[in-house]
There are 2 protein chains.
Amino acid sequence: MEDSAQRGPDAAAGRGRAALIEDGVEFDGRDAALLRAVDAAGSVAGAASELGRSRARALSRIDALEEAYGTLVERRRGGEGGGGSRLTASGRGILGRYDRLQAVLAATATVPETVLDGAVTAIDGELAVVDTAVGEVSGLHGGTGSDDGGDESGGGSDLAVGDAVQVRIGADAVTVNDAANVVDPDATSARNRLAGRVSGIDPGETVSTVRIAVEATDGSAPGDAAAEVAALITAESIERLGLAPGDPVSIRWKATATRLVPHAE
Amino acid sequence: MEDSAQRGPDAAAGRGRAALIEDGVEFDGRDAALLRAVDAAGSVAGAASELGRSRARALSRIDALEEAYGTLVERRRGGEGGGGSRLTASGRGILGRYDRLQAVLAATATVPETVLDGAVTAIDGELAVVDTAVGEVSGLHGGTGSDDGGDESGGGSDLAVGDAVQVRIGADAVTVNDAANVVDPDATSARNRLAGRVSGIDPGETVSTVRIAVEATDGSAPGDAAAEVAALITAESIERLGLAPGDPVSIRWKATATRLVPHAE
DNA sequence: CACCGTTGTATCTATGACGATACAACGGAG
DNA sequence: CTCCGTTGTATCGTCATAGATACAACGGTG
């Protein structure tokens, strides 16, 4: 599984868990639930009892979070109803950030991805060109802001010419074009372009995964596909393009939507 | 901050931390470092001493991981060199999965995103249409596989017509087209399309963030921009398209690259 | 004034993860 | 055979986190 240049569309990246992290303090799903419960109940005490957890701990947890993220909850004691607590604007803001991070994570678990093995042939700033079985592909690297418990993940943010990397292309980033009606490449910002044939369609309710077989650039395998690239397409688009297995198509995706993962071996 | 329909391009979603999770057992950066050290040292004992952690704990941690993820390390005691350990294929596989998840997380922290507030007007399978300040936008919802400590994040996977949602568009998913040279919409699978003007360019080394002002669809604000959408573009593409502030452009992104986040209020 | 429910704060205990340490079992090398 | 470094396994102490409990402080309401 670790040998071939082609891995093809993978069903899913698996379940994951995400947390914001700032100043060494993690904001995870438990904290999000707490803030949401405070928002709903109007008090930390009510939220804690609603969640079945200790009120004192909930308060100290909020303290710890606020030390890293700023004021999240406006607390008031005494007065009408004995007091109460309300989320601040930044409290709602962090909930939004968490939700969006969660949405991205859920998407990566749901959306198929294509992984190509290759070697870096050129680096220019945040962009790198990688030689793969289907030709040269350009993508983003770096930005590994991954300071958790462990060491750097796969070699840090540095990448050098000749390094072995995996090119990750999310199926939701791949655009399928009619092969006959080729778009003027100068009119768009999508950079990577390949020709291929539809090798299969995995239907969904309204969204389908189209597998596209792409031939190798070097003439090593004449009629054989060097890789299979997955593309997420709405059923409507499939119908509009009249896609069916065997059809020649042109696929295209942005260099900025391509991620390079250092791949030691 | 929680009122307007427009939030504009946000600098970053903030740092985050991700972990695979299966069967209640998390696989985080610490575990990845351990497996990588085992691969490098050829033994758990060597890996533990290399990482400065307890050998007994490392072994029991591997046991715990294998109970959830299957055999990751092939251990052999006695024999040449006293024994040793090697990663199995699935051990390398989980490392790859973790690295790719990490890459996605790093990308979401690095890449700007555009967030639009809106309300759901139609739902059809995995797709939903949302009415926003810039018109109707379609995107994916659901797939909230987020079982961590807390409750469901923003309301679970269910979405109904009329619900308030945030539409999240990653800047790396937005394609910029020359307004003059409009592509035949029937020839591509990109669905959402808007016209706008370049309002600013934040230059990077080889990749820049282009901000595009989009006017409202309802004639409420004639000349004013209803939202600003961010697009990640390579410097080369900017030059090729001759982009400069004020230029009219056509932007486009796939419905499948758009995520809908339930947004209680 | 007393009453009430909340926010603060302190202390004790339980739990789980980890390091440290020790010892047995294994199997090839010498 | 002995020697060696590794894998197994068990035990103890430490540390961080969370629950449980108790009590003081607050400030409207009555």
Side-chain angles (χ1 to χ4, degrees), chain A residues 17 19 21 23-35 37-68 71-88 91 148-151, chain B residues 17 19 21 23-31 33-35 37-68 71-88 91 148-150:
Chain A
R17 177 182 109 84
I21 184 165
D23 224 29
V25 181
E26 284 188 20
F27 184 95
D28 64 2
R30 198 176 154 79
D31 298 315
L34 176 58
L35 256 59
V38 169
D39 192 32
S43 75
V44 177
S49 112
E50 181 71 26
L51 295 176
R53 43 191 291 201
S54 162
R55 179 186 67 86
R57 277 298 140 192
L59 276 166
S60 70
R61 178 59 183 167
I62 290 177
D63 277 342
L65 289 174
E66 289 187 326
E67 195 142 338
T71 306
L72 304 176
V73 177
E74 203 177 76
R75 292 172 283 182
R76 194 183 77 251
R77 70 173 168 183
E80 165 181 30
S85 296
R86 275 175 28 218
L87 293 191
T88 65
D148 44 69
D151 298 5
Chain B
R17 178 180 107 88
I21 185 165
D23 223 29
V25 181
E26 284 188 19
F27 183 95
D28 63 2
R30 196 176 155 82
D31 298 316
L34 176 58
L35 257 56
V38 169
D39 193 32
S43 75
V44 177
S49 113
E50 181 71 26
L51 296 175
R53 44 191 292 200
S54 163
R55 178 184 67 85
R57 275 299 137 194
L59 277 166
S60 70
R61 178 59 183 167
I62 290 177
D63 276 343
L65 289 175
E66 290 188 325
E67 196 143 339
T71 306
L72 304 176
V73 176
E74 203 178 74
R75 291 173 284 182
R76 193 184 77 248
R77 71 173 167 181
E80 166 181 31
S85 296
R86 276 174 30 220
L87 293 192
T88 64
D148 45 67

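Quantities reported herein were computed from a predicted structural model and do not represent experimental measurements. Letters A, B, ... mirror the listed sequences (proteins, then strands); counts begin at 1.
The residue among A/Arg77 and B/Gly79 whose nearest nucleotide of DNA chain D is located toward the 5' end is B/Gly79. Place A/Arg61 and B/Gly84 on DNA chain D by their nearest nucleotides, and B/Gly84 ends up nearer the 5' end.
The two atoms that bring A/Gly91 and A/Leu35 nearest to each other are O-CD2, 4.0 Å, heavy atoms only. When all heavy atoms of A/Ala41 and A/Gly46 are compared, the closest pair comes out as CB-C, 3.9 Å. Minimum heavy-atom separation, A/Ala47 to A/Val38: CB-N, 3.5 Å.
Comment: A/Arg17 engages A/Asp28 in a salt bridge, judged by a side-chain N to carboxylate O separation of less than 4.0 angstrom. Note on B/Arg75 versus B/Asp63: salt bridge recorded, some NZ/NE/NH1/NH2 to OD/OE distance being below 4.0 Å.
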Go through it in stages, so that I can follow the logic: the residues are A/Leu65 and A/Leu72, the test is side-chain contact (heavy atoms from CB on, under 4.5 Å), and I'd like the CA-CA distance, side-chain angles, deciding distance and then a yes or no.
CA-CA 8 Å; A/Leu65 289 174; A/Leu72 304 176; 3.9 Å; yes
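Within 4.0 Å of A/Arg55, counting heavy atoms only, lies at least one base atom of the nucleic acid. Within 4.0 Å (heavy atoms only), A/Ser85 reaches sugar-phosphate atoms of the nucleic acid but no base atom.
Taking a heavy-atom distance under 4.0 Å as the criterion, the stretch of DNA chain C touched by chain B extends 5' to 3' from C/dC18 to C/dG28.
Evaluation of the salt bridge (charged side-chain N to carboxylate O under 4.0 Å, His left out) rule for A/Arg86 yields A/Glu74 as partners, not counting sequence neighbours. The side chain to side chain contact (heavy atoms under 4.5 Å, CB included) search around B/Thr71 returns B/Glu66, B/Thr88, not counting sequence neighbours. Listed by chain and residue number, B/Ser54 satisfy the side chain to side chain contact (heavy atoms under 4.5 Å, CB included) test with B/Ala56 (two or more places apart in sequence, or in another chain).
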A correct 5'-to-3' footprint of nucleotides 10-17 of chain D, with B, S and - meaning base, sugar-phosphate only and no protein heavy atom under 4.0 Å, is B-------
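Against DNA chain C, the stretch residues 39-46 of chain A makes heavy-atom approaches under 4.0 Å through A/Ser43, A/Val44, A/Ala45.
Side-chain contact check for B/Asp31 versus B/Glu26: every heavy-atom pair is 4.5 Å or farther apart.
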